Amino acid sequence: MPELPEVETIRRQLAPRLAGRLILDARAHESAKFASAVAARGARIGEVQRRGKYLLFALDNDHELIVHLGMTGMLRIAEPGVTDQYVRAAWDLDDGAVLEYRDVRRFGRIAVVPRGSYASLPTLAAQGPEPFDDAFTPQQLWTALGTSTARVKTQLLSQRPVAGVGNIYADEALWRSRVHPASRHVTKPQAARLHEAVRHVLAQGIDNGGTTLRDYRNFEGGRGENQFALACYGRGDEPCLRCATPLRRTVIDARGTTFCGTCQRR
DNA sequence: CGCAGCGCCTGAAGGC
DNA sequence: TGCCTTCAGGCGCTGC
């Protein structure tokens, strides 16, 4: 599932490839989740930025094209003559290439909005700080987590305490910081450890080009390598790398969750 | 207003 | 072998 490291890997690859390109034409799946992709027709692409898991393409008409990859979304340059029933949007570029958005399960989303107007994307509008910005601090994380009584993992997945953490990196960060995923309250030291852990696991994910367990591919079609660096996610019943206790698998907020019942205390 | 619960999607994998 | 069930889960929306 594309989380911040996967989206950032894609952004770094496609930004230089797409900057300055004019969108000559566009097509999209009829679903409201993708239909507005055609509104980018006639615009020139500027800077490509990322906010959490959202890709933001600046357009020269005071709008921006926003792409969220959901579970199985991917961006790529089309191969000539190849048809694919899972392509949900396509943009014809002025250099002859076709940018495609492919999404088997259609959990992703595309929007064209006036620059900075995110009312139609409430999760984007309400997101917490970028994890590598100065605004993300141990104190800020502790305060943010304290405003809700929801489980700490649920809060991380809400994107509100910090942007960009999904199920894989949430399990990794909670394991690294020794915080129990179902905790409804975290201490200041726990928040400080979680702050460090979020930055660590996301930075490592970027360094490794993202995590490819099933569907994730980068803009060049390649796989990430971070799946070989995971300490917790997907390792249920395998020994904890700190204490050797078999990791436990449970469900929190309808998401598969792996954690160490010995190291990670409430 | 906050939040729990639900629905969207479809291929892969496992059971019988 | 083939059919059926279960599973993966981010996020927008609804209703309490």
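To find a chain, count down the sequence lines: A is the first, B the second, and so on, and within it residues start at 1. What you see is a predicted model; the values in this text were computed from it and never measured.
A chain of hydrophobic side-chain contacts below 4.5 Å, direct or via other Ile, Leu, Val, Met, Phe, Trp or Tyr residues, connects A:Val48 to A:Val112.
Within the 4.0 angstrom heavy-atom criterion, no nucleotide atom of any strand lies near A:Gly108. Here A:Thr72 lies out of heavy-atom contact (under 4.0 Å) with every strand. Across all strands, A:Tyr233 comes closer than 4.0 Å only to sugar-phosphate atoms, never to a base (heavy-atom distances).
In the hydrophobic clustering, where aliphatic and aromatic side chains (Ile, Leu, Val, Met, Phe, Trp, Tyr) are joined below 4.5 Å either directly or transitively, A:Leu247 groups with A:Trp175, A:Leu241. In the hydrophobic clustering, A:Val104 connects to A:Tyr86, either directly or through intervening members, whenever side-chain heavy atoms lie under 4.5 Å apart.
Under a 4.0 Å N-O distance rule, the pair A:Glu130/A:Arg51 qualifies as a salt bridge.
Partners of A:Asn218 under the side-chain hydrogen bond (donor to acceptor under 3.5 Å, both in side chains) rule, at least two apart in sequence or in another chain, do not exist in this structure.
Here chain A contacts DNA chain B (any atom closer than 4.0 Å to a heavy atom, that is under 4.0 Å), and the contacts span B:dC3 to B:dG11 from 5' to 3'.
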>> Can you build the contact string for nucleotides 10-16 of chain C? Use B for base contact, S for sugar-phosphate-only contact, and - for no protein heavy atom under 4.0 Å.
In response: BBS----
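Relative orientation of the A:Tyr101 and A:Phe34 rings is tilted, given thresholds of 30° and 60° on the angle between their planes.
Judged by distance alone with a 3.5 Å cut-off, a donor-acceptor contact links the side chain of A:Arg105 to the base of C:dA8.
Counting only residues at least two apart or on different chains, the ring pair (Phe, Tyr, Trp, His ring centres under 6.0 Å) pairs with a member in residues 191-250 of chain A are A:Phe136-A:His195.
Between A:Gln13 and A:Thr9, the side chains place no donor N or O within less than 3.5 Å of an acceptor N or O (distance only, hydrogens not considered).
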